[in-house]
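Take a look at the structure set out below.
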Amino acid sequence: NPALRARHWSKISEVIQLRIGTNEGVTWYWLIESGIESQLLLISSISRSAKMEYQIEKALSQMCIELSNLNLKTTCVKGLNKLDDPSSALELISRHRLKIQELFIPPYVQPFLQKVTDYEILLNNLKKTLKQTIEAQDKFDELQPALESEDIKLQAPELAKSFKEKVSRFNDFSKNLNLNISFHQIASNQQFVEMSRELNLGLDAVREDMKSVLEKKREIFPRFRFLSDSQLVLIISNSRTPSMTKGLFSLMYPAIKEAIIEDEQFCVGFKSFDDEIVTFNEKIWIYHNCVEKWHLLFDQQIVLTMKHN
C-alpha cells in the first residue's frame with residue numbers, strides 16, 4: 001500500500017510486536033514465521049485508514065495549490081480600481097468547502113486537523129476579504145455619481161473630499177490584488193480582512209453624512225420629502241443631465257407627468273398627465289451646483305405662470 005506513512009508502520013509494528021523499518025526489506029518467510037497472519041484484520045484496518053488519509057492528504061495539497069495559483073485582476077473604472085468578476089474565486093471557496101465536508105471525516109482527518117484548521121482560516125479570510133471588497137465596490141457605485149457631482153462639491157465640500165480619500169484608500173488596497181504575489185499570502189494576512197472591513201465602515205459613515213445633506217435639501221425644498229433617498233440621490237447624480245430625472249416630478253406634483261428640459265440648461269415648463277403642455281412665462285436656469293435652487297424656482301414659476309394665464 002503506497003499510502004502507508006511512518007505513523008502507519010509504527011501502528012503495524014505495535015500490532016505485531018515487532019519493529020518494522022520502513023526502509024528495510026522483509027522476506028515472505030520472515031512474515032510467516034512472525035505469526036503476522038493472526039493480525040491481518042488489524043493490519044488491513046490500518047491499511048484502509050492509510051488509503052482514506054491519503055485521499056485527504058492529496059485533496060488538501062491540491063486545494064493549497066489551487067489557492068496559491070488563484071489570480072484576481074482589477075480594472076480602473078471611473079477612477080476606481082474595481083475587482084474583475086470574482087465569481088471564480090467564490091466558486092473555488094464553495095468547491096473547497098464541499099470537498100472538506102465530503103472527505104474530511106473523523107477519524108481519518110485526525111492527522112491533518114491542524115492543517116485543516118489553518119486552511120479554513122485562509123478560506124474564511126479569503127471569503128471575508130472578497131465579500132467586503134465587493135460590498136465596498138457596490139457602495140462606491142451607489143455614492144460616486146452624487147458625491148462627484150458639482151452640487152455636492154459646492155454644497156458639501158468636506159463630504160466630497162472625504163469620499164475622494166476613501167477612493168484613494170480603496171485603490172491602494174485593491175492594488176495588492178494585482179501584485180505579483182500569491183493570493184495565498186493575502187488570504188493568510190489578517191490585515192487585509194481588517195482593511196476591507198475598515199473601508200466598508202468608512203463608506204457607511206459617508207452614507208450617513210450624505211443623509212444629512214439630503215435632509216438639508218429637503219428643508220430648503222420640502223417637496224423633496226416625497227422622494228426616497230435613492231431618488232433624491234439620483235437627481236443630484238444627474239445634476240448636469242436633468243432630463244434623466246424629469247419623470248420624478250410626477251412624484252412631487254400630483255398633476256404633473258414630467259418637466260420639460262431644454263438643452264440640459266433650462267426648464268421651460270411641464271407636461272400634465274393629460275399630455276397638456278404648460279410653458280412657463282420665463283425659462284428657469286438649471287443650477288447644476290444646487291439642485292434645490294432650481295426646483296424652488298420651478299415651484300415659484302408654476303404659481304407665476306398660472307396667475308398670468
Side-chain angles (χ1 to χ4, degrees), residues 1-73 83-131 133 176-177 179-193:
N1 181 357
L4 289 170
R5 299 288 184 263
R7 61 181 179 277
H8 303 119
W9 286 109
S10 295
K11 288 181 180 179
I12 291 173
S13 296
E14 289 176 10
V15 166
I16 65 174
Q17 296 182 345
L18 288 171
R19 173 68 180 161
I20 299 180
T22 54
N23 294 320
E24 295 174 5
V26 292
T27 65
W28 181 246
Y29 176 80
W30 181 87
L31 289 174
I32 296 298
E33 287 298 311
S34 69
I36 199 172
E37 70 274 9
S38 62
Q39 304 294 339
L40 284 182
L41 286 177
L42 283 174
I43 293 171
S44 295
S45 175
I46 294 170
S47 184
R48 284 194 300 272
S49 294
K51 287 181 179 179
M52 293 296 294
E53 290 172 14
Y54 177 67
Q55 289 183 17
I56 294 172
E57 182 181 351
K58 189 165 66 172
L60 191 58
S61 175
Q62 181 61 33
M63 289 192 294
C64 286
I65 291 171
E66 289 178 358
L67 184 62
S68 297
N69 293 336
L70 178 64
N71 289 318
L72 293 174
K73 299 296 181 183
L83 267 180
D84 290 347
D85 184 13
S87 58
S88 59
L90 295 173
E91 287 170 6
L92 177 72
I93 294 173
S94 298
R95 192 166 65 250
H96 284 193
R97 288 201 177 282
L98 183 62
K99 192 172 287 187
I100 287 173
Q101 291 173 1
E102 289 176 348
L103 291 179
F104 294 11
I105 53 177
Y108 308 116
V109 76
Q110 192 67 32
F112 313 102
L113 275 180
Q114 187 57 52
K115 286 185 178 180
V116 172
T117 300
D118 292 342
Y119 189 76
E120 284 185 329
I121 291 173
L122 289 180
L123 276 189
N124 286 331
N125 284 351
L126 173 57
K127 184 177 181 180
K128 285 179 182 177
T129 301
L130 285 176
K131 179 174 178 289
T133 302
N176 288 293
L177 307 181
L179 294 177
N180 293 322
I181 59 174
S182 164
F183 196 79
H184 180 280
Q185 293 174 261
I186 296 176
S188 62
N189 192 337
Q190 187 67 26
Q191 180 184 0
F192 289 99
V193 178

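Computed from a prediction, not measured in an experiment: that's the story for all the values here.
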For this session: Taking side chain to side chain contact (heavy atoms under 4.5 Å, CB included) as the test, write out the residues that go with Leu113, two or more places apart.
Result: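 Here the qualifying residues are Val109, Gln110.
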Tell me whether [X] contacts the main-chain N or O of [Y] through its side chain, where contact means a donor paired with an acceptor under 3.5 Å.
{"X": "Ser10", "Y": "Ala6", "value": "yes"}
{"X": "His8", "Y": "Arg5", "value": "yes"}
{"X": "Tyr119", "Y": "Met63", "value": "yes"}
{"X": "Ser49", "Y": "Ser45", "value": "yes"}

Exercise. Should the heavy atoms of other residues, nucleotides or ligands under 6.0 Å from CG of Leu98 be counted, would the total exceed 12?
Worked result: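 Check passes, neighbour count above 12.
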For this session: Assess whether atom CD of Gln17 is packed by more than 12 heavy atoms of other residues, nucleotides or ligands within 6.0 Å.
Result: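 No, the 6.0 Å shell around CD holds no more than 12 heavy atoms from other groups.
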[atom2] on [Y] to [atom1] on [X], rounded to 0.5 Å:
{"X": "Glu66", "Y": "Ile93", "atom1": "CD", "atom2": "CD1", "value": "12.5 Å"}
{"X": "Leu42", "Y": "Ile12", "atom1": "CG", "atom2": "CD1", "value": "10.5 Å"}
{"X": "Leu130", "Y": "Asn125", "atom1": "CG", "atom2": "CG", "value": "11.0 Å"}
{"X": "Tyr54", "Y": "Asn1", "atom1": "OH", "atom2": "CG", "value": "10.0 Å"}
{"X": "Glu53", "Y": "Leu4", "atom1": "CD", "atom2": "CG", "value": "10.0 Å"}
{"X": "Tyr108", "Y": "Arg48", "atom1": "OH", "atom2": "CZ", "value": "7.5 Å"}

Shortest non-hydrogen contact from [X] to [Y]?
{"X": "Leu123", "Y": "His96", "value": "CD1-CB, 4.0 Å"}
{"X": "Ala3", "Y": "Ala50", "value": "CB-O, 3.6 Å"}
{"X": "Lys115", "Y": "Leu60", "value": "CB-CD2, 3.6 Å"}
{"X": "Ile56", "Y": "Phe112", "value": "CG2-CD1, 3.6 Å"}

Exercise. Between Asp118 and Gln114, does any side-chain donor sit less than 3.5 Å from a side-chain acceptor?
Worked result: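 Yes, Gln114 and Asp118 have a side-chain donor paired with an acceptor closer than 3.5 Å.
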Would you say that [X] contacts [Y] through its side chain, given a criterion of any heavy-atom pair below 4.5 Å between the two side chains?
{"X": "Lys128", "Y": "Phe192", "result": "no"}
{"X": "Glu120", "Y": "Val116", "result": "yes"}
{"X": "Val193", "Y": "Asn124", "result": "no"}

Show me the side-chain donor-acceptor pairs of residues 84-91 shorter than 3.5 Å, one per line, residues at least two apart or across chains.
{"unit_1": "Asp84", "atom_1": "OD1", "unit_2": "Thr75", "atom_2": "OG1", "d": "2.5"}
{"unit_1": "Asp84", "atom_1": "OD2", "unit_2": "Thr75", "atom_2": "OG1", "d": "3.3"}
{"unit_1": "Asp85", "atom_1": "OD1", "unit_2": "Ser87", "atom_2": "N", "d": "3.1"}
{"unit_1": "Asp85", "atom_1": "OD1", "unit_2": "Ser87", "atom_2": "OG", "d": "3.1"}
{"unit_1": "Asp85", "atom_1": "OD2", "unit_2": "Ser87", "atom_2": "OG", "d": "2.8"}

